[in-house]
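Read the structure below first, then the notes.
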Amino acid sequence: GENVEQHPSTLSVQEGDSAVIKCTYSDSASNYFPWYKQELGKRPQLIIDIRSNVGEKKDQRIAVTLNKTAKHFSLHITETQPEDSAVYFCAAVEYNFNKFYFGSGTKLNVKP
Amino acid sequence: GAVVSQHPSRVICKSGTSVKIECRSLDFQATTMFWYRQFPKQSLMLMATSNEGSKATYEQGVEKDKFLINHASLTLSTLTVTSAHPEDSSFYICSAPRGNYGYTFGSGTRLTVV
C-alpha cells in the first residue's frame with residue numbers, strides 16, 4: 001500500500017515568514033494530493049490540492065508543488081499569520097479507489 | 001454545499017456499552033463513506049469504507065465485529081462501536097467523495113469511554 005511521510009512534525013515561524021511542509025509518497029498510482037488544515041477537535045479543512053498532471057498550484061498565500069518523478073510534494077505558506085497556526089496534513093490518493101493515505105501531520109505555530 | 005452532518009459531536013459512555021455515530025450527506029448522495037479514527041496528536045487512520053447496499057470493507061487490524069458499519073441509504077452511514085472500552089476513546093470522523101469535487105469531511109465525534 002501507499003506510505004506517506006511528512007516533515008517536519010512541528011514548525012515554528014515568526015509572523016510574516018514563510019513555512020514549508022514536505023511529504024513523500026511511495027505509490028506511483030497516487031494521482032491526487034490534497035492538503036488539510038485541522039484545528040483542535042475539528043474536521044480537516046481542505047486548503048489546496050493538486051492533481052498529478054500539474055506541477056504547481058497557487059491560491060493567494062498558499063502554494064503546492066509536486067514532483068512526480070521524485071514522488072514528493074510540498075506545501076508553501078507565505079506571509080504567515082497567527083491564524084495559520086494549526087495542524088496540517090498531506091494526503092496521497094489514488095482517485096479511482098478513493099483511498100486516502102494521510103501523512104503524520106505538522107503542527108505549525110506562527111508567533112506574533 | 002456538499003455537507004456531511006455527523007452526530008453526535010461528543011459522547012461519553014460507560015465501558016461495555018455501545019455507541020452509534022451517524023454521518024448524513026445533506027445535499028448530495030454519498031454512495032461511499034470513509035470512516036477514520038484519530039488518536040490525540042496523531043494522523044487520521046482509515047478504519048473502513050462503507051458502500052450503500054453492500055458490506056463495508058475494513059482495513060487490516062480493524063475488528064469488523066467491534067466497529068459495525070451500516071450504509072442503509074444514499075444519505076446515511078453509521079458506525080457503531082460495540083462493547084466500548086477506554087482504548088476506543090478517540091476522534092471518529094467520516095468523509096465522503098463528491099465526484100469531481102473532491103471529498104468532504106464530517107465534523108467528527110469525540111468518544112470518551114469511562
Side-chain angles (χ1 to χ4, degrees), chain A residues 1-11 21 23-25 27 30-54 57 59 64 75 85-109, chain B residues 1-11 21 23 25 30-52 56-62 71 77 89-112:
Chain A
E2 175 68 275
N3 180 41
V4 178
E5 295 191 359
Q6 181 172 347
H7 300 280
S9 57
T10 60
L11 179 59
I21 304 170
C23 286
T24 61
Y25 62 100
D27 190 348
S30 293
N31 52 14
Y32 173 65
F33 306 92
W35 285 90
Y36 290 88
K37 175 183 179 182
Q38 188 180 28
E39 296 175 6
L40 189 64
K42 296 187 177 180
R43 81 185 86 194
Q45 297 279 0
L46 178 70
I47 55 172
I48 197 166
D49 57 10
I50 192 167
R51 296 183 192 272
S52 59
N53 57 349
V54 175
K57 184 177 177 180
D59 182 5
V64 57
L75 176 71
S85 296
V87 178
Y88 291 81
F89 291 98
C90 65
V93 188
E94 188 180 354
Y95 210 74
N96 287 338
F97 293 97
N98 286 315
K99 269 198 172 182
F100 272 65
Y101 295 91
F102 284 92
S104 52
T106 297
K107 185 173 183 180
L108 174 64
N109 180 35
Chain B
V3 174
V4 172
S5 176
Q6 183 170 349
H7 294 281
S9 57
R10 286 180 182 273
V11 57
I21 302 170
C23 278
S25 57
T31 55
T32 300
M33 192 74 73
F34 301 99
W35 288 92
Y36 294 87
R37 180 167 50 185
Q38 186 178 30
F39 291 109
K41 298 184 180 180
Q42 293 190 27
S43 191
L44 294 93
M45 299 299 295
L46 180 65
M47 297 175 65
T49 304
S50 73
N51 294 291
E52 188 268 337
T57 304
Y58 290 81
E59 295 299 301
Q60 194 172 8
V62 178
H71 199 133
S77 177
S89 298
S90 186
F91 189 62
Y92 293 86
I93 194 163
C94 58
S95 172
R98 297 184 289 124
N100 293 328
Y101 299 99
Y103 305 81
T104 187
F105 282 85
S107 52
T109 298
R110 172 74 59 194
L111 171 64
T112 304

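Every chain is numbered from 1, with letters handed out A, B, ... down the list of sequences.
- Contacts between Tyr36(A) and chain B at a heavy-atom distance below 4.5 Å involve the side chain alone, from C-beta outward.
- Legend: residues meeting side chain to side chain contact (heavy atoms under 4.5 Å, CB included) with Val11(B), ordered by chain and number and at least two apart, are Pro8(B), Val19(B), Thr109(B), Leu111(B).
- Side-chain atoms of Glu5(A) do not come within 3.5 Å of backbone N or O of Ser104(A) as any donor-acceptor pair.
- When Gly103(A), Gly105(A), Pro34(A) are compared by the number of non-hydrogen pairs under 4.5 Å with chain B, Gly103(A) comes out ahead.
- For Ile93(B), the part sitting under 4.5 Å from any heavy atom of chain A is the side chain, from C-beta outward, and nothing else.
- A donor and an acceptor atom, one from each side chain of Asp49(A) and Tyr32(A), are located under 3.5 Å apart.
- Looking at heavy atoms from C-beta onward, Ser85(A) lies out of side-chain contact with Leu108(A) at the 4.5 angstrom threshold.
- Options Gln42(B), Gln38(B), Arg10(B) differ in how many heavy-atom pairs under 4.5 Å they form with chain A, and the most are formed by Gln38(B).
- Residue contact with chain A, scored on non-hydrogen atoms closer than 4.5 Å, is absent for Gln60(B).
- The candidate from Phe105(B), Tyr36(B), Phe91(B) with the greatest count of non-hydrogen atom pairs under 4.5 Å with chain A is Phe105(B).
- Interface check for chain A: of the options Ser95(B), Pro40(B), Gly106(B), Gly108(B), the most heavy-atom pairs under 4.5 Å are formed by Gly106(B).
- At a cut-off of 3.5 Å, with distance as the only test, no side-chain donor of Ser9(A) or His7(A) sits close to an acceptor on the other residue.
- Under the side chain to side chain contact (heavy atoms under 4.5 Å, CB included) criterion, Glu52(B) pairs with His71(B), Leu74(B), not counting sequence neighbours.
- Only the side chain of Phe89(A) comes within less than 4.5 Å of a heavy atom in chain B; its backbone stays farther off.
- Heavy atoms closer than 4.5 Å to chain B are found in the side chain of Gln38(A), but not in its backbone.
- Gln6(B) and Ile21(B) get closest at one heavy-atom pair: NE2-CG2, 3.6 Å.
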